Structure formats: structure tokens, C-alpha cells
Amino acid sequence: MRNKFILILPLLLLLFVTDSLHADDGYRLWQRYDKIENAAKLNGYQQALTEIVLEGNSPTLLVAQKELKNGLSGLLGKEVPISQRPTQAGALVAGTPANSPLIKSLQLENRLKPLGQDGYLLLTTNINGKKSTAIAANTDVGVLYGAFHLLRLLQMQQDVSNLSVASAPKIRHRVLNHWDNLDRTVERGYAGFSLWDWHRLPGYIDQRYLDYARANASIGINGTVLTNVNANALVLTKEYLVKVKALADAFRPYGIKVYLTARFSAPIEIGGLKTADPLDPQVQAWWKEKTKEVYSYIPDFGGYLVKADSEGQPGPHNYKRTQADGANMLADAVAPHGGIVMWRAFVYSEHTPDDRHKQAFNEFKPLDGKFRDNVLVQVKNGAIDFQPREPFHPLFGAMPSTRLMMEFQITQEYLGQGTNLAYLAPLYKEVLESDTYAKGKGSTVAKVVDGTLDNHQLSAIAGVSNIGTDRNWTGHQFAQSNWYTFGRLAWDHSISSEEIADEWIKMTFTNNNQFVAPVKKMMLNSHEAIVNYMTPLGLHHLMGWSHHYGPGPWIKDKPRADWTSVYYHQADENGIGFDRTKTGSNAVAQYFPPVQKQFANIKKVPEKYLLWFHHVPWDYKTNSGRILWDELAYRYSAGVDTVRQMQQTWDTVEGMIDEERFNHVKMLLAVQEQEAKWWRDACLLYFQTFSKRPIPKGLEEPEHSLEHYMQLDPKFVPGI
């Protein structure tokens, strides 16, 4: 019997190892290069892509060659060789006219010219009389982007037998903002600690740094701000610059530039000066010398991101100077080196204003045309603060002589943080497609951001990162989709939410349509579900105090009125909502007339923004025919119902993907259902104290009393 067990043991071990190979913890993100299961597709690809010919040996081209070899060999289930020249039909030839005689022989210069520095062509063509595939670009990084596009097509099992693709980014600088601190905590981070292990840098380059760069390059992200906007001046000291250099060196082959946040008071804190006045010659000279030092370590340093005069951060206001004064001082420091300054517009008075919505516009609009050409004013998508839904920021379109860049939040600070499935493409698209009417109909926010509306060559977009040390990078498996979404929309904001979801699902999970179709529907409904159970009909800023986790519509009596919830919802016995029309704060006046007229008219304002712009009576009849109170109750309940539908949908796909990721999502959906109920019950019970109306019959009653919910006070919530 013992001998029989000894014989069986190796077989059991083999089965265990084999089974473990099918497990997937999400580390590979959307870059899963497993063998294609569809036999017909596999055979076609094996014949179409037989060898890789990549002329040139720059670090970026070597990265592209390695990615193609690993990707093709994995997807095609057999080794795809690297060749010096095409030896058979099906060669994949990649390069630029400058470094590849084969690409040059195709005479593609006229087709490549409009694609700029980052664009590329994917073509089916003849090389030396044999049918081949070409990846052609003006630069090495363009070749890398083209390589990732080809691999994406294979992962999605698309036809590659007759390729004719031309792709170029609509926005020049596509940047992740990491709110990472030097102690490795991450502000509003819900996926572990910071990736940057400052203690072991510069000597130790973690493989995760390279995989991070690969993932970003695969979706066209070309910049990373390593440090929190609530900046620490120490990062500009020699001790840290050698560490930043190590990261920059690791990222450079992937086309990624490094940026740093500049603390406005750095000349005092690390420079020994007595002032940080941007008009002081000594301060200006200090920044120029410090910046020169930064570039001596990192020759392609991207520039600075600055948060000033906001939430306790120092800035030009300390010296009675303007935001333009501060931005221009830093712009002059980086200009000789080709750098840019991204100056955040998230500025509001140290005194409680009449309406936070108006603050950034009032401060920045008069400065239009006063910023240097290498300054981008970084504007959040909405005027308050990354709420589940906001109307577009009124600054978009209002500063035609200034380059404005978009700031989206990828990390889900106000959207369930690390536990809720929230696919954010619909949110981003809603904002980008909003029409400012700055130059008549069709003057969309996207056209402001990409520079086409006002003929700006410099353009940028930023996303506040959701990445951490969790094995799957983003905490929630589906939060990966928002990193992916940001990159894809930064490259091409015309791509639809449906298309991006389709790509991500197929690359991340499976091409099986029995999985893809229901999961895509689940993703596309997820953002609206969260809006419904958190902030329906234009409500906003109802979250818990400080950590922003969970509901807190009763929050009041804080150091600033506009840091409370009651300031924003304005609920009383007569109704609810913030009046931003002429009878209230008149924030609507900051929009162009066609938008202003729509938002100011209670009958014409989109119902999703109703309570954002209007204080509405409880018995006001909504579009559904229900009175406002009943409609609120139905919206809150609909949000919970949608989460339950998501749970049911996910249960139907069990067995179609690996067990580990399936169970991960299943458990978090159960958490999300509980949190959705918490939001619904707490908010309805609180607002009921003003409406004095019953919850409509047929809707689920709250599980606990209002006092129960008001006493809940979560401790040690992630992301502080």
C-alpha cells in the first residue's frame, strides 16, 4: 500500500501544479498571453505570423521585440522566432523608416507624417514578394504602441489577415497622477501601499516597476507623477533625486516620462530662503538651479505638477500673488529643458465661500492668457470634487487663451472605494461629450482638452491612479478596467464605453460571448447604480467625514461649512437641493448661455442634475410622474436592485473563468450589496426627517433606525 501511495504522489503533485497554472490572481492585468483556444483562429494566426523581424537595437525597440516574442509565442502556442530578415511568408516586420530599410522600402512617409511622434501603422503588405505584416512608425515608441495594438487584436481574436490601421493619440501628454507619499502610504489609495519602495531605491528595481511600465505603454500612457499633490519637498533633494532617476531609467524604454509634485514652499523648507514669493528674484533663481539639478539626473524629466493655495497647501496667495505668478515662475524654470508645468485649478478660498462650485472659475477665468505657453491648468471634471456625478466644470471653454487639461479620478474615492464594482467609462464619456457651446454647438469638453477647439498644440489629460501593492494592482479586479479605460480614452476619446468594456473583458478574462455579453452589460450599468444608491438626481457630497467612506448626509458643524453634507443638500421641510440659479448662488452664470439656460430652468435641466442646480419641493412632479420624494426613494432602491442583478449575473458565469478571480468578485459584490443598502437606508431615513413622507409602498423598508446609522463610525478606513 505504501509503494502504491509513493507512485500516486508524483501524479497528485503534477495535477496540483497543472491546476495551479490555470489559477489567475489578476497580476497580469489585460496582458494575458495564453494560447488561443479557438482552433481555426489559432491556425490562421500561426500562418499569418511566422517570425519577427525588428531592425534597430534601441532600448525601446528591444522592449517591443521582447513583448512581441513573448506575446506571440504565448498566444500562438509555439515559439515565434526572431529573424534578421524575412525568410518566409507571414513575417512580422516592425520599425521606423530611419532604422529599418525594410520599412523604408514600403514608402510610407506620407502616411506616417500626420501620425506624429506616437502614432503608428499596422499594415498587411508584401515584403520581398511574400505576404507580411508591418508595424511602422515615426519613432521607436510608436513601434512599441503598434506592437501592443497588434497583440490586442490577437487577444480579442480579431481578423489580422488584411490590416490597414492608422492610429495616433488625440492628446499629447497622457499622465497618471500617483497620490503616493514618501512613507509609502497612498492618499485615497485602496489597493495597498505605494509601488515605489524608496528605501530600496536606487539599487533595487522591482519587477513590478517594469510590469507597471508595460501595462501603461500597452494603453498609451506616457507620463507618471510619482508623488502626492499634497507634496513633500524632500523629493527634490539629492537623496531622493537619485531614486527618482532609477525609476525614470526603468520607465524610459517604455516611452514614459517621470514628473514630480513641487511643494511651493520648497525654497524655504529645503533651500534655506526666508520666502517663497514667486516674484522674488532669489526664489526664481533657486527654482531655476533646483530644476537644473533635477534635469542633471533625469534629462527627459517631464516637469512639475502643483497643488497650491488649496486645503492647507502653500501657494502664491501667501504672498498676495496670482496663480499665474506661481505657475509662470516654475514654467520659466523648466522651459529651457523642454518641461511643462501642470497647475491644478482645485483652489478654493480659505474662507467659506457662498458656493464652492464657483471658486475655481472666479479665480482662474480672469487669468486667461496670462500663463506661459508651457503651463497647463489642470481642471477636475467637475467643479466640486470627483463626485459620483457632476456636471462638467465651467472652466472648460471659458479660457480659450490657456491650455486646460482634464483631471479624472481613477481611484474610487467617492464611488465605493475598494469594494464597489464601478466601471467609469460612462462617467468619463459623459463629461468629455458635454457641449460647452464656447464656440457654438459642438464645442465639447473633449475638444477643449485635446486642443482642437482653440488651436493649442500642447494638450494633456491626467488620471488619479488606483494602483498599489495588492497582487492584482487595483484591489478590486474590476477596478483594473478603469486604469485601462483612462489610457484608452486618453489616446482616443471617441472610443465608446461599450467598445472599451468589450476589449478589457476579452483581454482580461475570455472571448467566450456567454461571459462577455452579460458581464459587459453589468459593467455598463454599474456607474448609474452607484449614483442611484449614493447621490441620485444631482445630490452630492453626502459621504462620511474625512475618510469619505459610507453615507453621512447628516455631517455638519465642521471647520468649514463646505466640508459638510448639509451645506450641499440644503434639505429642509420645503424641499432639497442646492439652488445655483439667480435666486441662489447663480453658479449657472459661469456657463455659456445655451448651457446656462438649460441648467437654470427646472423644466429643462437634465434630471440627473436636478438637485445640483435647484432647491426642489418634495412634492415636485418628476419625469416619471412621481413626486420628488417618491422618485428619490425609487432611485435609491433601484441602485440596490441593480447590485443584486449584478450578483445574479456574476453567478451565471461561474466556471467560465478561473475560480480565484470568480470568487474574488463574488465576495466583493456581496459586500457591495450591503454597502448599497447602507447608503439607501441611511439617506432615506435622514431625508425623511425633512420630507415627513412615508417610503412608497412596495419598496424595501430600512433595516435599522436612523440613530443606528448615524452612530456608525468606521475606524482605520484605507486611503487616508
Side-chain angles (χ1 to χ4, degrees), residues 172-182 196 222-238 240-241 243-245 247-248 251 256-271 273 276-278 283-310 313-316 318 321-347 364 371-379 402-405 407 458-465:
R172 183 170 164 188
H173 297 285
R174 307 170 298 279
V175 183
L176 283 183
N177 287 182
H178 286 267
W179 285 0
D180 294 22
N181 300 311
L182 298 183
W196 324 131
N222 64 356
T224 180
V225 185
L226 300 175
T227 44
N228 194 350
V229 289
N230 293 324
N232 188 326
L234 284 176
V235 81
L236 296 176
T237 62
K238 180 179 178 180
Y240 279 92
L241 288 177
K243 301 171 187 288
V244 174
K245 169 182 164 52
L247 290 174
F251 298 157
I256 297 170
K257 284 187 176 183
V258 161
Y259 301 78
L260 292 173
T261 47
R263 184 163 171 83
F264 199 79
S265 53
I268 300 171
E269 294 170 14
I270 62 172
L273 300 185
D277 184 347
V283 174
Q284 294 171 351
W286 185 88
W287 276 110
K288 287 179 179 178
E289 281 304 307
K290 174 53 67 176
T291 300
K292 185 178 178 182
E293 181 188 2
V294 174
Y295 277 97
S296 73
Y297 288 98
I298 311 153
D300 59 349
F301 177 64
Y304 298 122
L305 169 64
V306 184
K307 176 181 180 179
D309 295 318
S310 177
Q313 293 300 301
N318 295 30
R321 310 300 188 192
T322 70
Q323 302 298 324
D325 292 332
N328 291 341
M329 173 190 66
L330 289 172
D332 291 343
V334 299
H337 311 279
I340 62 172
V341 170
M342 298 173 284
W343 191 270
R344 293 178 92 231
F346 187 59
V347 173
F364 280 86
F371 291 91
R372 298 284 192 267
D373 288 344
N374 61 331
V375 172
L376 292 130
V377 174
Q378 183 166 308
V379 182
T402 304
R403 288 140 293 279
L404 300 186
M405 63 182 287
E407 180 179 348
L458 181 60
S459 59
I461 186 169
V464 181
S465 165

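For the single chain, residues carry numbers from 1 onward in sequence order. Computed from a prediction, not measured in an experiment: that's the story for all the values here.
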Which distance, rounded to the nearest 0.5 Å, do you find between the [atom1] of [X] and the [atom2] of [Y]?
| X | Y | atom1 | atom2 | answer |
| --- | --- | --- | --- | --- |
| Asp309 | Thr322 | CG | OG1 | 10.0 Å |
| Thr237 | Lys243 | OG1 | NZ | 9.5 Å |
| Asp325 | Leu330 | CG | CG | 11.5 Å |
| Asn230 | Asn181 | CG | CG | 8.0 Å |

Contact check, side chains of [X] and [Y], non-hydrogen atoms, under 4.5 Å:
| X | Y | answer |
| --- | --- | --- |
| Leu241 | Glu293 | yes |
| Thr402 | Val375 | no |
| Pro316 | Phe264 | yes |
| Arg403 | Leu376 | yes |
| Pro278 | Asn328 | no |
| Trp196 | His178 | yes |
| Tyr297 | Lys238 | yes |
| Val244 | Ile298 | yes |

Main-chain N/O of [Y] paired with [X] side-chain donor or acceptor, under 3.5 Å:
| X | Y | answer |
| --- | --- | --- |
| Asn222 | Arg174 | yes |
| Ser310 | Phe346 | yes |
| Asn374 | Val341 | no |
| Thr227 | Thr261 | yes |

Take Gln378 and Asn177 through the test side chain to side chain contact (heavy atoms under 4.5 Å, CB included) and record every step on the way to the result. CA-CA 11 Å; Gln378 183 166 308; Asn177 287 182; 3.0 Å; yes

Parallel, tilted or perpendicular: which fits the ring planes of Tyr259 and Phe301, with parallel below 30° and perpendicular above 60°? tilted

Where do [X] and [Y] come nearest, in terms of heavy atoms and distance?
| X | Y | answer |
| --- | --- | --- |
| Phe364 | Arg344 | CZ-O, 3.8 Å |
| Leu226 | Phe251 | CD2-CE1, 4.2 Å |
| Ala276 | Ile268 | N-CD1, 3.8 Å |
| Val229 | Lys307 | O-CB, 3.4 Å |
| Ala231 | Arg263 | O-CD, 3.2 Å |
| Ala262 | Val306 | O-CG1, 3.9 Å |

Worked check of side chain to side chain contact (heavy atoms under 4.5 Å, CB included) between Met405 and Val379: CA-CA 6 Å; Met405 63 182 287; Val379 182; over 6 Å; no

Are Lys288 and Asp332 close enough for a salt bridge, meaning some N to O gap below 4.0 Å? no

Apply salt bridge (Lys or Arg N to Asp or Glu O under 4.0 Å) to Asp277 and Arg321, showing your working. CA-CA 8 Å; Asp277 184 347; Arg321 310 300 188 192; 2.9 Å; yes

Report the C-alpha separation of Lys292 and Tyr295 in whole Å, then their side-chain angles, then the decisive distance to 0.1 Å, and conclude whether the side chain to side chain contact (heavy atoms under 4.5 Å, CB included) test is met. CA-CA 5 Å; Lys292 185 178 178 182; Tyr295 277 97; 6.0 Å; no

Would you say Asn228 and Asp180 are linked by a side-chain donor-acceptor pair, where the criterion is simply a distance under 3.5 Å? no

Ignoring hydrogens and geometry beyond distance, is a side-chain donor-acceptor pair present between Trp343 and Gln323 at under 3.5 Å?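 The criterion, which ignores hydrogens and geometry beyond distance, is satisfied for Gln323 and Trp343.
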
If you apply the rule side chain to side chain contact (heavy atoms under 4.5 Å, CB included), what do you find for Val225 with Met342, and how did you get there? CA-CA 10 Å; Val225 185; Met342 298 173 284; 4.1 Å; yes

Centroid-to-centroid, Tyr304 to Trp287, below 6.0 Å? yes

Decide if atom NZ of Lys245 counts as having more than 12 heavy atoms of other residues, nucleotides or ligands within a radius under 6.0 Å. no

Please identify which of these residues, Val235, Leu236, Asn232, meets the side chain to side chain contact (heavy atoms under 4.5 Å, CB included) condition with Ile270. Leu236

